[in-house]
Amino acid sequence: MYDESILPLRERAKVRDRWLKTRLETLLPGLMEETGIDMWIVTSQEGNEDPVMKTLLPSPMLTSGRRTMLLFFRRPDGQVERLSIYRPGSCLDKFYQAVWLSNKDGDWSQFAALSPDKGIKNGNVGIPETQMECLRRIIDERKPQRIGLNFSAETAFGDGISHSAFELIRSSIGEENAAKLVSAAHLAVRWLETRTREEMDAYQGIVMLTERIMREGLSSDVIHPGVTTAEDLEWWLMQRCEVLGLKPWFPFMVAVRRQGAVGLSGDVVIQEGDVVHCDVGFEYLGLCSDIQDNAYILRRGETEPPQGIRDLFETGRRMQDIVAGQFAAGRTGNQVLAASLEQARREGITGMLYSHPLGVYGHSAGPTIGLVDNQKHVKGKGDYPIHDNTAYAMELNVYGPIPEWGGQTLMLGIETDVLFTGGKVEYLYRQKELHLVK
């Protein structure tokens with residue numbers, strides 16, 4: 001049904017390379033200036049990836065090979081040099097200048113002809129060097145004042161360098177250069193969280209594709225009351241993504257809310273009168289979606305859900321608008337959390353807010369806005385401010401008594417994806433009414 005809207009792998013690679021080129025040329029220089037980093041070193045070893053690394057690799061390179069080192073140097077004119085200390089002739093050469101002239105443990109003599117100014121003649125390497133010797137040479141030549149490495153006690157997204165790699169670099173570049181090492185965690189987060197215009201335009205389609213798959217699953221074509229289990233629906237949704245060539249970033253979750261029961265999942269059979277809650281998200285073109293929808297299983301003779309359930313659903317939509325209204329550039333996640341919950345309280349709404357940044361990762365870099373187990377103050381990530389041109393999964397729930405269920409309290413979990421751009425929230429998708437299953 002949706003195959004024509006999903007690009008084949010080769011076309012996806014072209015899109016992602018185009019986006020990477022734009023990000024490197026138009027986004028990175030400003031972010032390095034903003035964060036005060038003169039040289040950014042991103043390094044990974046095969047099997048131990050820095051979270052930032054995969055966002056810097058051109059296709060078809062999926063992971064680091066052996067030890068991969070990428071260097072970004074902000075020149076006095078504001079432009080950024082992009083260098084790789086990796087074997088030449090790889091796909092990194094699309095966007096990075098290879099500067100490793102030779103390797104004592106592996107001959108790069110085929111690269112020698114590219115550097116005649118280094119005294120290399122007749123294919124013989126005149127200046128043999130290891131990776132670390134190359135790194136020191138590049139630093140000595142460019143003389144950066146602040147050299148950023150990805151280490152942080154507050155965010156995993158800025159903590160990608162291993163202890164051994166940090167020590168190897170520190171001990172290899174000389175004491176004077178080592179004294180210039182600083183955390184590049186802020187730069188790593190800003191790079192990961194910021195979206196270009198083209199990425200934001202594409203996000204709409206990615207999220208709407210998620211919604212179409214969700215809508216197909218929450219229908220009479222898939223759910224057969226008295227037969228289909230919550231687990232059946234979970235696997236159907238996962239399989240649908242697999243068939244379409246889409247990669248789920250978490251195991252999809254289905255929960256059943258029922259009169260007389262608090263919450264059911266797993267092998268519970270979906271019945272008439274149930275509220276079915278689904279949580280679905282996948283990665284496509286390097287961007288993740290994450291939405292939660294709710295469906296009502298009509299009883300025989302019913303044409304719509306009980307009024308109490310419809311009212312609670314509208315309360316959830318009101319809670320979304322409250323949260324959207326509290327977003328502002330420079331406000332921290334904790335400030336948005338506190339202001340949203342306070343306004344909800346004044347309006348008589350009982351609920352919880354636990355939203356998260358969205359992007360390259362499902363739970364991505366940026367401000368945390370509440371946690372399920374912490375509705376007061378999230379230390380560290382909750383203190384991070386909101387920036388323009390960022391994406392979020394606005395995730396929350398609302399509680400309320402359902403008169404038709406004898407006053408039983410129902411919790412509705414709701415999640416929709418939004419952009420924060422131009423100083424305001426833009427909904428990428430929003431469930432307008434409960435899905436109905438006959």
Could you go step by step and tell me if Arg240 and Glu216 meet the salt bridge (Lys or Arg N to Asp or Glu O under 4.0 Å) rule?
-> CA-CA 10 Å; Arg240 189 68 177 127; Glu216 186 179 355; 3.3 Å; yes

Fit a plane to each ring of Trp40 and Phe72, take the angle between them on a 0 to 90° scale, and name the class: parallel (under 30°), tilted (30 to 60°) or perpendicular (over 60°).
-> tilted

Looking only at side chains, do Asp17 and Ser59 share a donor and an acceptor under 3.5 Å apart?
-> yes

If we ignore angles and hydrogens, is there a donor and acceptor under 3.5 Å between the side chains of Arg430 and Gln320?
-> yes

Distance-only polar pair, side chains of Thr196 and Glu199, donor-acceptor under 3.5 Å = yes

Are Tyr96 and Tyr86 near enough that their ring centres are under 6.0 Å apart?
-> no

Between the main-chain N or O of Ala344 and the side-chain N or O of Glu347, is there a donor-acceptor pair closer than 3.5 Å?
-> no

Let me have the donor-acceptor pairs involving side chains of residues 398-409, under 3.5 Å, with sequence neighbours excluded, atom names and distances please.
residue : atom : partner : partner atom : Å
Glu404  : OE1  : Gly308  : N            : 3.3
Glu404  : OE2  : Gln307  : N            : 3.2
Glu404  : OE2  : Gly308  : N            : 3.3
Gln408  : OE1  : Gly260  : N            : 2.6
Gln408  : NE2  : Arg258  : O            : 3.1
Gln408  : NE2  : Ala261  : O            : 3.2

Does the Arg195 side chain pair with the main chain of Leu192, one donor and one acceptor, at a distance under 3.5 Å?
-> yes

Side-chain contact, heavy-atom cut-off 4.5 Å: Met69 with Met132?
-> yes

Just by distance, with hydrogens left out, do Asp267 and Thr229 show a side-chain donor and acceptor under 3.5 Å apart?
-> no

Parallel, tilted or perpendicular: which fits the ring planes of His387 and His186, with parallel below 30° and perpendicular above 60°?
-> tilted

Side chain of Asp232, backbone of Thr228: donor and acceptor closer than 3.5 Å?
-> no

Heavy-atom check, side chain of Thr43 versus side chain of Leu70, under 4.5 Å = no

Donor-acceptor under 3.5 Å (Ser152 side chain, Asp159 main chain) = no

If we only count heavy atoms from C-beta on, is the Val418 to Glu426 side-chain gap below 4.5 Å?
-> no

Any chance the side chains of Tyr296 and Glu302 put a donor and an acceptor closer than 3.5 Å?
-> yes

Is a side-chain donor-acceptor pair under 3.5 Å present for Arg331 with Gln326?
-> yes

If we only count heavy atoms from C-beta on, is the Leu244 to Phe282 side-chain gap below 4.5 Å?
-> no

Applying ring pair (Phe, Tyr, Trp, His ring centres under 6.0 Å), name anything that partners Tyr354, two or more places apart in sequence or on another chain.
-> none

Are any of the side-chain heavy atoms of Ser289 and Asp417 separated by less than 4.5 Å?
-> yes

Under 4.5 Å between any side-chain heavy atoms of Arg67 and Leu168, yes or no?
-> yes

Any idea how His363 and His356 line up, ring-wise: parallel (<30°), tilted (30 to 60°), or perpendicular (>60°)?
-> perpendicular

Pair Phe151 and Phe166, ring centroids less than 6.0 Å apart | yes

Give a yes or no answer on whether the side chain of Asp290 reaches the backbone of Gly362 with a donor-acceptor pair at less than 3.5 Å.
-> no

Within 45° of the six-membered ring axis of Tyr361 and under 6.0 Å from that ring's centre, is NZ or CZ of Lys54 located there?
-> yes

Flag side-chain contact, heavy atom, 4.5 Å: Ile297 against Gln271 | no

Six-ring centre of Trp191, Arg23 cation under 6.0 angstrom, axis tolerance 45° = yes

